[in-house]
Amino acid sequence: MNSIDDFITLVRDDLGLPVDDTDVDRPLGEVAGWDSVHLITLLTLLERGTGRSLSLPAALEATTLRGLYDVAVSG
């Protein structure tokens, strides 16, 4: 994953959520179909893809997809 666009593609293709770049800063509660299972699945995909453990507390504090992306790139 090299960019926020790659991240959005991952969310759309691997989680099956209808998101695009307009959803990056939308509150997670307003992202169509988003739920806690998607968060855990996304974290698992990101950990596999990056080979690093990600902070669950930091992910739980994220309020947007951009926030989750920031967690993923900062490790």
Side-chain angles (χ1 to χ4, degrees):
M1 179 178 59
N2 297 317
S3 68
I4 190 78
D5 292 328
D6 292 341
F7 178 79
I8 293 298
T9 299
L10 175 81
V11 171
R12 184 179 54 243
D13 294 351
D14 290 17
L15 297 183
L17 295 176
V19 297
D20 60 30
D21 60 337
T22 64
D23 295 303
V24 172
D25 295 311
R26 187 181 315 278
L28 290 172
E30 295 178 15
V31 173
W34 182 263
D35 63 25
S36 59
V37 174
H38 288 111
L39 174 64
I40 299 303
T41 304
L42 180 59
L43 289 178
T44 301
L45 291 169
L46 292 169
E47 286 184 343
R48 285 184 190 156
T50 63
R52 297 186 324 252
S53 292
L54 301 178
S55 170
L56 180 58
L60 290 171
E61 289 180 10
T63 58
T64 63
L65 290 172
R66 184 182 306 278
L68 290 172
Y69 172 77
D70 292 342
V71 169
V73 297
S74 67

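Values reported hereafter were calculated over all heavy atoms of this structure, with side chains retained and with hydrogens, waters and symmetry mates removed.
Heavy-atom contacts from other residues, nucleotides or ligands closer than 6.0 Å to CG of Asp13 number more than 12.
In this structure Asp25 satisfies the salt bridge (Lys or Arg N to Asp or Glu O under 4.0 Å) test together with Arg66, sequence neighbours excluded. Applying the side-chain hydrogen bond (donor to acceptor under 3.5 Å, both in side chains) test to Asp20 and every residue at least two apart in sequence or in another chain returns Thr22.
Nearest approach of Pro18 to Ala32, heavy atoms of both residues: CD-O, 4.0 Å. Contact record, Glu47 with Arg52: CG-O, 3.2 Å, taken as the closest heavy-atom pair.
Results of the side chain to side chain contact (heavy atoms under 4.5 Å, CB included) test with Leu28 over Asp23, Thr63, Leu68 single out Leu68 as the only residue that passes.
Note: Asp70 CG to Ile4 CD1 = 7.0 Å, rounded to the nearest 0.5 Å. With rounding to the nearest 0.5 Å, the separation of CG in Leu15 from CG in Leu10 is 6.5 Å. Going from atom CG of Leu17 over to atom CZ of Arg12 covers 10.5 Å, rounded to the nearest 0.5 Å.
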Using a 3.5 Å cut-off and no angle test, enumerate the donor-acceptor pairs between side-chain atoms of residues 37-46 and protein atoms at least two apart in sequence or in another chain.
unit_1 : atom_1 : unit_2 : atom_2 : d
His38  : ND1    : Gly33  : O      : 3.2
His38  : ND1    : Asp35  : N      : 3.3
His38  : ND1    : Asp35  : OD1    : 2.9
Thr41  : OG1    : Val37  : O      : 2.9
Thr44  : OG1    : Ile40  : O      : 2.9

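For the pair Leu65/Trp34, a side-chain contact is recorded, criterion being any heavy-atom separation below 4.5 Å from C-beta on.
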